[in-house]
Amino acid sequence: MTSDIRVMFWFRTDLRLHDSPALQAALSLNPSALFPVWCWDPNYVYKHRVGINRFRFLLESMQTLSDRITEIEPNSQLLVVRGEPTYLLPLLWSRWRITHLVFEKDTSAYGRRRDAAILAAAKTASVIVVAVQGHHLYDPEEVTRRNKGKPTMTISSLQKIADGIGNVPKPLPAPQSLPLPKLTSNLSKRNELLLALAESLKGITNFAVSDDIDLNSSAFGGQRTEKVNCYDSIDGGNGEFSVPSIQSIGMETIENERGNNNDSFKIKGGEAEALTRLEKLCKKPDYIATFSKPNTSPGNSIQDASTTLLSPYLKFGCLGVRKMWWDIEEAKKKYKGTKTTTPPQNLNGQLLFRDMYACAEFAVGDNFTRIRVYDSEGVSITPRPLGDAVSEQRLAAFKEGRTGFPWIDALMRQLKQEGWMHHLGRHSVAAFLTRGQCWISWERGAEIFDEYLIDWDPCSNPGNWMWLSCSAFYSQYFKLYGLVSFPSKYDASGKLVRQYCPELANFPDKFIYEPHAAPLKIQKKAGCIIGVDYPAPILDEKKQKEENMVRMKACFAKQFYGTSEEVLNGTADEILKGSHGISLPSNAKEISSTTPWTIAASKNSTSKLKRKASTEETK
DNA sequence: GTAGAAGTTGATCAC
DNA sequence: AGTGATCAACTTCTA
């Protein structure tokens, strides 16, 4: 008699049924029962910075996934269990007599730590784990192996390795049937199945989730205003294993406030929405075949965005990346013209960059987010002073979109409101906050993006901040984005500014990106006095830019960037001060975190990125 | 080991 | 208005 295969399919980075190599692997085990589980992890609720926009998108995507499962198998659904996965899942394995745990591989830092613990627990419990690559075009583990353990620091190195691996695999269709999540063979109706599952949870003791540090609470500048009660029970409190509500994560107030805004701007979550958007995109073969990132406009509003807006769906795996790759390839065939674009600037190139950051992060390991240039601020994720009041004021103004520079403010307000910003807009604001004007370390800016972006990615977000701050990936620090010239190139009329900074709406085009330069007469006519109705610039941008350029030059001359010893141990500032007479922001005191999700960087990580990286975390 | 080329997406000015 | 030269000069990759 063959053994009874009972699979727990653990959804994490893959809120979809199409193009899922992991789900395919689960079904190919030919299981007698399949439990589609989402573990509502308190680490995500409390220990990662997540604002309302991303939570909302996630919850919508979870609900859509659950509905889709039910569509295929009316007596099944997504089983949302609330708790720390390393604690809760092993209990469920035993209660549900699970033989196999199957999931899509998550190579990000938190994913690696969590899954290592899960793997160990599974070994103890004699549960067989099947982890399948599916979130990227290529497996970061394989890319790193082929790159001899080194991180992919340029797109060409990633492309070269990708060429060696071969074609991106073709997407898989969604399954046509799914086994039931049944505890005993005589059950087959959904309410009976759920009842039995809820019954099986009885007696699980010590079900406590720590909220000792809540990065999303208002104390940490987050958007949580009320108490979290989603952890009051494992199954949601009514035996339904339902998707948590906004209310249960303590963000109902902010959601209601947002509800008063224009609802049509919201980016809706879910697999169906993702596939619809992709389908629409593929009806524009000219757009796809000639797509060139540098020529897309960061000045468009979200309704007529010049890019695809598919990144949130890729982030949560609502859209399979292979599906996107091959549908694009197919659409290109319908292009009648002769001028086509190629990676890295075309759409395929954008997907390759996503892989590049994931592979680099995997190769560097836990030190990835410690890479920086020019100062040692912001190492810990707990709150800490920047070291001086001026920097704090600048950071706060930046986050709230009141720097007095309309291009920056419009982009930052768009980000907070919509959870999205055009890629080149992200370039503008990131360069402005770091090496350009404000001289604030990139982690503090990245934290704002952590909270506000729907498409936040654990590799791409820090990676791009490193890029723009010239901490890694990019080193041409003498290139900067103008606060007037750059946006004017795309939109001289300042449409985005007029939308997100309505107080400036009546300024003439000539002054829309620099209203502070307008004569008082024009300010009065526009009904907006600078310094009263709209902030005066928080800094002298030309002066700051020039000063910072000198600082950057000095940093690069001394090789104070990346993971150099002087940067990591905090002596870089002092040395620079001594040798150049430049006053750098005073060092913030590092508050080392003792929280379990943060693993302190190894002490011997003193060499440059290029010289290390071959040994760690490549197992 | 070394030299030369290349590197997702600049700003400014001259014409 | 749009193109092209110049600016200043980094790191990484390739031969």
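Below, chains carry the letters A, B, ... as their sequence lines are ordered, and counting in each starts from 1.
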Nucleotide C/dA15, atom C1' - distance to NZ of A/Lys160 in whole Å
11 Å
Separation of A/Tyr477 atom OH from C/dT12 atom C1', in whole Å?
17 Å
N-O pairing of A/Glu546 and A/Lys542 below 4.0 Å
no
Presence of salt bridge, A/Glu330 and A/Lys333, under 4.0 angstrom:
yes
Could you work out, with side-chain contact (heavy atoms from CB on, under 4.5 Å) as the rule, every residue matching A/Lys323, not counting sequence neighbours?
A/His18, A/Asp19, A/Pro171, A/Leu275, A/Leu278, A/Leu319, A/Asp327
Output yes when at least one side-chain N/O atom of A/Lys553 is less than 4.0 Å from OP1 or OP2 of C/dA8, else no.
no
What does the list of N/O pairs under 3.5 Å between the protein and nucleotides 3-7 of chain C look like, with a distance for each?
none

Per-pair distances, 0.1 Å, donor-acceptor, side chain in residues 509-518 of chain A, under 3.5 Å, sequence neighbours excluded:
from	atom 1	to	atom 2	distance (Å)
A/Asp509	OD1	A/Arg498	NH2	2.9
A/Tyr513	OH	A/Asp491	O	2.7

Quick one, give me the B/S/- string for nucleotides 8-15 of chain B, reading 5' to 3', where B means a protein heavy atom under 4.0 Å from the base and S means that only happens at the primed atoms, P, OP1 or OP2.
BBBSS---
Given that both pair distances must be under 3.5 Å and the pair must be Watson-Crick or G-U, what runs of three or more consecutive pairs involve DNA chain B?
B:2-7 with C:10-15, B:10-15 with C:2-7
Ignoring hydrogens and angles, write down the donor-acceptor pairs under 3.5 Å from the side chains of residues 402-411 of chain A, residues two or more places apart or on other chains.
from	atom 1	to	atom 2	distance (Å)
A/Arg402	NE	A/Glu400	OE1	2.6
A/Arg402	NH2	A/Glu400	OE1	2.9
A/Thr403	OG1	A/Phe405	N	3.1
A/Thr403	OG1	A/Asp409	OD1	2.8
A/Trp407	NE1	A/Ser428	OG	3.1
A/Asp409	OD1	A/Arg402	N	3.3
A/Asp409	OD1	A/Thr403	N	2.7
A/Asp409	OD2	A/Thr403	N	3.0
A/Asp409	OD2	A/Gly404	N	2.9
A/Asp409	OD2	A/Tyr534	OH	2.5

Considering all heavy atoms, the nearest A/Pro285-A/Ala331 contact
CB-O, 3.2 Å
More than 12 heavy atoms of other residues, nucleotides or ligands under 6.0 Å from NZ of A/Lys160: yes or no?
no
Donor on one side chain, acceptor on other, A/Asn295 and A/Gln345, under 3.5 Å:
no
How far, in whole Å, is B/dT8 from C/dA8 if one measures between their P atoms?
24 Å
For the residue pair A/His427 and A/Phe486, is the inter-centroid distance of their aromatic rings smaller than 6.0 Å?
no
